[in-house]
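Some notes on the structure that comes next.
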Amino acid sequence: MKLDPYDTSNKRIEDSSIQDVSSAEKVLVNCTPEEETEMSINAKFRAIQPSSSILSYVEDNLLGRRRLIEIKNAGYNVKISAPLDNVPFSTSTERERIEDIAFRNKLEFFAAAKISSSFPTPTLPEIAFAGVSNVGKSSLLNSLTRQWGVVRTSDKPGLTQTINFFQLASKLCLVDLPGYGFAYAKDEVKESWEELVKEYVSTRVGLERVCLLVHTKRGMKPLDYELVDLMERHKTPYQIVLTKTDLVFPIDVARRAMEIQESLKRNKSVVNPVMMVSSKTGAGIRNLRGVLGKLARFIKP
């Protein structure tokens with residue numbers, strides 16, 4: 001795997017794990033207990049040795065923070081938005097057609113629910129997108145369909161306050177779940193939204209998969225694991241999707257994927273592999289479409 005020369009951690013993996021931990025131990029001597037805990041967590045993360053398959057996947061899909069010259073040299077048109085979602089080595093100056101048939105259809109909003117009795121009757125296979133606030137659920141939905149603006153996005157956490165249902169013709173229903181764990185709402189409001197999400201993922205008929213989005217830089221949080229435990233108990237299929245991969249170096253994308261894969265290796269309902277995407281650069285979007293498109297109904301060439 002080619003590592004970014006500007007990443008100070010980008011030494012040989014087998015060497016970096018020893019050196020990172022050693023340097024961290026020296027710093028811990030003069031740290032407060034809180035700082036010691038944070039440094040210890042960082043040292044453990046830097047010591048993770050990703051598998052060769054994850055490293056290859058990250059490199060092949062140009063995941064992680066990249067210079068434009070790398071993307072250009074790979075054959076992508078860097079002048080269009082989300083260039084990695086385009087087809088490499090294309091002679092066209094316009095964006096290529098979406099390769100997955102299901103995601104070529106128009107994305108249309110058709111229902112919103114604040115309580116479970118308002119859930120629409122399930123008629124299509126549903127794929128739900130869950131995660132903490134501001135993890136990029138709405139942005140990912142827009143990127144998957146290339147229909148920016150259909151799903152509202154905002155820099156302020158907690159914009160999505162209902163469970164929103166969108167359909168792709170007669171193929172799929174994409175469900176945008178309220179983000180959990182943000183600090184801008186009253187406690188009773190947050191609790192009601194979190195309970196609604198839990199009720200949906202544990203009881204919804206026709207729910208084919210939950211994409212649990214995880215911020216690559218921050219990793220999984222206690223509320224994420226709480227939702228995972230709930231889905232395990234109810235045998236709800238779920239798949240981890242790392243978002244905002246463009247914010248960290250490629251090696252750290254691989255480390256995060258490896259960390260999560262190891263933490264969930266005993267789970268039964270998790271769908272492997274861990275997917276990795278960036279709605280900003282388009283990295284990994286085509287692969288995620290391919291995985292989710294297999295769940296669509298009545299796909300015809």
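Hydrogens, waters and symmetry mates play no part in the numbers below; they use all other heavy atoms, side chains included.
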Side-chain donor/acceptor of [X] to backbone N/O of [Y], under 3.5 Å:
| X | Y | value |
| --- | --- | --- |
| Gln167 | Phe110 | no |
| Arg104 | Ile98 | yes |
| Gln239 | Met275 | no |
| Gln49 | Met258 | no |
| Glu262 | Glu259 | no |
| Thr243 | Leu213 | no |
| Ser92 | Glu94 | yes |
| Asn77 | Lys79 | yes |
| Thr245 | Val277 | yes |
| Asn86 | Pro83 | no |

Write down the atom of [X], the atom of [Y], and the distance for their closest heavy-atom approach.
| X | Y | result |
| --- | --- | --- |
| Ala130 | Val210 | CB-CG1, 4.1 Å |
| Ser279 | Ala82 | O-CB, 4.3 Å |
| Gly219 | Asp224 | O-OD2, 4.3 Å |
| Ala102 | Ala296 | CB-CB, 3.7 Å |
| Leu124 | Ala169 | CD1-O, 3.6 Å |
| Asn105 | Gln147 | O-NE2, 2.9 Å |

Common cluster, Tyr238/Val271, ILVMFWY with side-chain heavy-atom separation under 4.5 Å:
no
Assigning hydrophobic clusters by single linkage (Ile, Leu, Val, Met, Phe, Trp, Tyr; side-chain heavy-atom cutoff under 4.5 Å), is Ile80 placed with Val87?
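In one cluster: no.
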Taking side-chain contact (heavy atoms from CB on, under 4.5 Å) as the criterion, tell me which of Leu288, Thr145, Leu174, Asp176 meets it with Leu140.
Leu288
Evaluate the side-chain proximity of [Y] to [X]: yes if any heavy-atom separation is below 4.5 Å, no if none is.
| X | Y | result |
| --- | --- | --- |
| Pro178 | Val197 | yes |
| Phe103 | Lys171 | no |
| Lys244 | Lys217 | no |
| Thr203 | Lys198 | no |
| Phe129 | Leu177 | no |
| Ile54 | Met276 | yes |
| Glu96 | Ser90 | yes |
| Leu144 | Ile285 | yes |

Just how far is it from atom [atom1] of [X] to atom [atom2] of [Y], taken to the nearest 0.5 Å?
| X | Y | atom1 | atom2 | value |
| --- | --- | --- | --- | --- |
| Arg46 | Ile251 | CZ | CD1 | 9.0 Å |
| Lys294 | Glu208 | NZ | CD | 14.5 Å |
| Cys211 | Ile127 | SG | CD1 | 6.5 Å |
| Met231 | Asp229 | CE | CG | 9.0 Å |
| Asp100 | Asn287 | CG | CG | 11.5 Å |
| Lys268 | Arg266 | NZ | CZ | 9.0 Å |

For [X], which residues count as a ring-ring contact (aromatic ring centres under 6.0 Å, His included) partner, sequence neighbours excluded?
| X | value |
| --- | --- |
| Phe119 | Tyr200 |
| Tyr57 | none |
| Phe109 | Phe166 |

For Phe45, does the six-membered ring have the charged nitrogen or CZ of Arg256 within the cation-pi criterion, i.e. under 6.0 angstrom from the centroid and within 45° of the normal?
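So Arg256 does make the cation-pi contact.
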Ion pair present between [X] and [Y], side-chain N to carboxylate O less than 4.0 angstrom?
| X | Y | value |
| --- | --- | --- |
| Arg286 | Glu99 | yes |
| Arg66 | Glu59 | yes |
| Arg289 | Asp85 | yes |
| Asp252 | Arg65 | no |

Does Ser53 have any side-chain hydrogen bond (donor to acceptor under 3.5 Å, both in side chains) partners at least two apart in sequence or in another chain, and if so, which?
Ser51
Would Ile260 and Met220 count as a side-chain contact (heavy atoms from CB on, under 4.5 Å) if you check the C-alpha gap in whole Å, the side-chain angles of each, and the deciding distance to 0.1 Å?
CA-CA 8 Å; Ile260 294 174; Met220 289 186 67; 3.8 Å; yes
Apply side-chain contact (heavy atoms from CB on, under 4.5 Å) to Phe165 and Ile163, showing your working.
CA-CA 7 Å; Phe165 296 80; Ile163 293 183; 3.5 Å; yes
Taking side-chain hydrogen bond (donor to acceptor under 3.5 Å, both in side chains) as the criterion, tell me which of Arg204, Glu199, Glu195 meets it with Ser116.
Glu199
Not counting sequence neighbours, list each pair that qualifies as a ring-ring contact (aromatic ring centres under 6.0 Å, His included) and has a residue in residues 262-297.
none
Give me the other members of the hydrophobic cluster that Ile71 sits in, counting Ile, Leu, Val, Met, Phe, Trp and Tyr linked by side-chain heavy atoms under 4.5 Å, directly or via other members.
Leu62, Leu68, Tyr76, Val78, Leu84
